[in-house]
4 protein chains.
Amino acid sequence: MPRNGGKRPGPGSREAERRKTILRAAIDVFARKGYHGCRIADVAREAGVAYGLVYHYFHNKDELLRSVFEVSWGGFLARMRAVAEQPAPLAEKVRGIARVAFEAYRHDPRGVKVVILEIARSPAGARVDRNSAFADVVQLSERMFRAAQESGELRDELDPRVCAALLFGAIEMGLTALVVGVFNHKDDAVVERLQRQIAESLLGGVLSPRGASVDVEWKRERSGTRAVTARRS
Amino acid sequence: MPRNGGKRPGPGSREAERRKTILRAAIDVFARKGYHGCRIADVAREAGVAYGLVYHYFHNKDELLRSVFEVSWGGFLARMRAVAEQPAPLAEKVRGIARVAFEAYRHDPRGVKVVILEIARSPAGARVDRNSAFADVVQLSERMFRAAQESGELRDELDPRVCAALLFGAIEMGLTALVVGVFNHKDDAVVERLQRQIAESLLGGVLSPRGASVDVEWKRERSGTRAVTARRS
Amino acid sequence: MPRNGGKRPGPGSREAERRKTILRAAIDVFARKGYHGCRIADVAREAGVAYGLVYHYFHNKDELLRSVFEVSWGGFLARMRAVAEQPAPLAEKVRGIARVAFEAYRHDPRGVKVVILEIARSPAGARVDRNSAFADVVQLSERMFRAAQESGELRDELDPRVCAALLFGAIEMGLTALVVGVFNHKDDAVVERLQRQIAESLLGGVLSPRGASVDVEWKRERSGTRAVTARRS
Amino acid sequence: MPRNGGKRPGPGSREAERRKTILRAAIDVFARKGYHGCRIADVAREAGVAYGLVYHYFHNKDELLRSVFEVSWGGFLARMRAVAEQPAPLAEKVRGIARVAFEAYRHDPRGVKVVILEIARSPAGARVDRNSAFADVVQLSERMFRAAQESGELRDELDPRVCAALLFGAIEMGLTALVVGVFNHKDDAVVERLQRQIAESLLGGVLSPRGASVDVEWKRERSGTRAVTARRS
DNA sequence: CATGAATGAGTCTTCATTCAT
DNA sequence: CATGAATGAAGACTCATTCAT
């Protein structure tokens, strides 16, 4: 039983290869037809293996989805953490996170598609422990924003949790736009531009404005920082 | 045949009532269990009508989803258009759009949930002509941003399409956060705050900065706005 | 949903007929091929209904078996109880029980076959609450034997529970012999003879031998052993 | 190929050991979960050998069951024959047969369980040539009873075949009671008592009542009813 | 219009058996 | 001999859709 208690066998082994093949096939098929829209037979055919072999490596369709998620999400989370926890200004970190996300897309658009369309939002994703997964990433960036708030990099009146949500919302939306085909996802320049605009737009509105700002009333109404503007003139 | 060639029967008629009842039930059930996760029987039970009656009013499950979408999306689009096309500064419009969206949520969270989770992204949504639907709304706001760019309200270096995407991405993310339960969707103050922060964060980073800005290098690199930097020294 | 919470619909209704048809078919197919050896499709074909209809009336294969058991066993138990609890000498009761059992066989050999081969002993029967079912019948006869012991009809040294087991063991064995084909089950005389010999053999060894033997008539009727009676007088 | 044309390899060889191990495992697993309820994998795990090895020693699952039967049944039949063909009064023989059966149970309850529950009656047993097997034993005892009838030990009016059936029915029922757990199968005294009551009950009703009862010792030993016989003379 | 019984194609899942190493 | 990965046929169960009443 290669199921091996949930742990994947050591890399290089033939089984590990097989497993990976099937997982790749699953990602491709899920990306093409959606979790509900494909049959195990499709995965098997795509992987070029016999029907039953899929069940040799995965207990059932759910576990397949779960594994797809783990694989696609795992690396992303690790790189994200590295970026978020490095000692650097907030702006750097936010740009870094956007970069990591869009690089993941450039590297494996199908995997990203499945995570975004099938797991992140679809009820099919309920089969996955996505809550804790997203909780990880949201906590991560929430901490990041909170720290930035304490160091004065982030406006006082903002809720760090909302900032975190905004960041990933914007990223996810950008990726969705690519995934769904709103933007030309073949053109690296477009992808690059999208990635930048997301980070910068968020930052421009999020960072403490040293100078002047447009939405004066809103800020004042919340934190009474009339002085801020004044001080700067 | 109440199907009536696709058109809904006149309001007030008994059939119209029935139809609405079933549609409401479908929205509730789709919201609760997802399109794939529920059976026609669930809809019928929820509506308190006989199994087969659903098929009197809707050709099939797909049409049911399509109708749910039309109903939930229709009003939203109209109000959105009204806001986007009014003569007003960009900031007003953006805030208005956010307001419309979150009001829709307050008014019918289930409907919004279905549109967001089932139709907007899930492959199940392919059954719906969502592309043209979203195209409508994106075009709408793209026009809005483009006009703002021409009038000098929007930074020159930004792509209006990306702005549109960002706006709806942020809104959708905010709604998702509510729908998924990240934020307490019972507390109107929370919803209000979320709505505002989304609009303002976007605006703060999107509007032409009258004063100073943080991400100097990025802007310079793109549009050579020397003046900005200069002003700060 | 005719499942109706487990209760069968009122007799005479069309559904009740259908249900019965399917149940009969199930009994026949189970009897012919065994529980594990037949497919739902076989039952449907035998009943002359569509595949899915079986599931309209029974949740699953297990419930089908369970229902078969209830139907086949229910009547038997009731008649058994009537016999065991009537005021009569033990010998009468034992003969009556044997009669009831073999009449059940004459009336519905397939049903008896399923109960004996599929439910009574096969692990497949674990799906049925046979323990309590058999407990009923064993308790019933245990009480009967215990009472007979107190009234002096049953030897003191015998364990009533073992007697009960012996009685039903003998009956079941006899039925098995018919079911399995050891004896010619078409010949009513054979069945009759078997039934008698079982009751009388058990009785002859079980009844207290107070002087004259009890089952005089039976012996005389068969072999005219007048001497026996004579000697005893 | 250790299959060796169906013959088992010589005792003492490594293969013979392996084969026995697997067979034992099969008996245990069949006894625990039933023939249909277990997989080859279960047998292999129980035996502590590799999956495929089972197929080195047995062509298929059927042959496994068949072999289990041969092993469990073989010894029993031989000892039975020895008892039935010895020169001794019928009563002795019947008691001997009961003793052999219950000793087999004491020695290997699992094996007996499989033979009784899986092979003797279940349709799964059709995979085994049980007919000829049972034919053997029934013939054996039928001959025994017929001889006893000719020598005057058995009542004339009884059918020897039915007597044979009764004997094994009673025995099998008694074993079933143990196997199924009606009686406490851990308590040797209970088993002993059951074995005796079966033999004596059958005998008491089956033997010709020539004045004095045959099984005097048994009755006396239990209840000291010497008077009974006396009274009759 | 309403009802819900009837239909049957579509899928997941299991597991006996084979076979390359 | 041993191993366990690979194969694929078989069968239970679901549920959208139809249709007779």
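First the proteins, then the strands, lettered A, B, ... as listed; each starts at 1.
D28(C) pairs in a side-chain hydrogen bond (donor to acceptor under 3.5 Å, both in side chains) with only one of the listed residues (K33(C), R110(C), K113(C)), which is R110(C).
Closest of all the heavy-atom pairs between I27(D) and S72(D) is CD1-OG, 4.0 Å.
DNA chain F is contacted by both G48(D) and V49(A); G48(D) maps to the nucleotide lying nearer its 5′ end (nearest heavy atom per residue). Comparing D62(D) and G52(B), the nucleotide of DNA chain E nearest to each residue sits closer to the 5' end for G52(B).
Taking atom CD of E17(C) as the reference point, atom C1' of dA5(E) lies 15 Å away to the nearest angstrom. When the P atom of dT11(E) is taken as reference, atom CZ of R45(A) falls 11 Å away, rounded to whole Å. In this structure, CD of E63(A) is placed 15 Å from C1' of dC12(E), rounded to the nearest angstrom. For H56(D) and dT17(E), the NE2 to P distance is 15 Å, given to the nearest whole Å. dT7(E) atom C1' lies 11 Å from atom CZ of R18(C), rounded to whole Å. Taking atom CG on L53(C) and atom C1' on dT14(F), their separation rounds to 14 Å, with Å as the unit. One interatomic measurement links the two molecules: CD of E15(A) to P of dA20(E), which rounds to 17 Å at whole-angstrom precision. For Y57(D) and dA2(F), the OH to C1' distance is 9 Å, given to the nearest whole Å.
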What's touching nucleotides 10-12 of chain F from the protein side, N or O pairs under 3.5 Å?
from    : atom 1 : to     : atom 2 : distance (Å)
dG11(F) : OP2    : R39(C) : NH1    : 3.3
dA12(F) : OP1    : C38(C) : O      : 3.4
dA12(F) : OP1    : K61(C) : NZ     : 3.1
dA12(F) : OP2    : I40(C) : N      : 3.1
dA12(F) : N7     : Y51(C) : OH     : 3.3

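Shown here are the side chain to side chain contact (heavy atoms under 4.5 Å, CB included) partners of N60(B), two or more places apart in sequence or in another chain: D62(B), E63(B), R66(B). In this structure, the side chain to side chain contact (heavy atoms under 4.5 Å, CB included) partners of A25(A), at least two apart in sequence or on a different chain, are V43(A), E46(A), A47(A). Evaluation of the salt bridge (Lys or Arg N to Asp or Glu O under 4.0 Å) rule for D108(D) yields R24(D) as partners, not counting sequence neighbours. Partners of R18(D) under the side-chain hydrogen bond (donor to acceptor under 3.5 Å, both in side chains) rule, at least two apart in sequence or in another chain, do not exist in this structure.
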Legend entry - Step-by-step side-chain contact (heavy atoms from CB on, under 4.5 Å) determination, E118(B) to F69(B): CA-CA 9 Å; E118(B) 293 299 320; F69(B) 179 67; over 6 Å; no
Inset, instruction - Please lay out, stage by stage, how L64(C) and L23(C) fare under the test side-chain contact (heavy atoms from CB on, under 4.5 Å). - result: CA-CA 7 Å; L64(C) 200 46; L23(C) 216 42; 4.1 Å; yes
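In this structure, K61(C) contributes its side chain and Y35(C) its backbone to a donor-acceptor pair below 3.5 Å.
Helical stems involving DNA chain F, defined as 3 or more consecutive Watson-Crick or G-U pairs under 3.5 Å, span E:2-21 with F:2-21.
Under 4.0 angstrom from either OP1 or OP2 of dT21(F) there lies no side-chain N or O belonging to R14(C).
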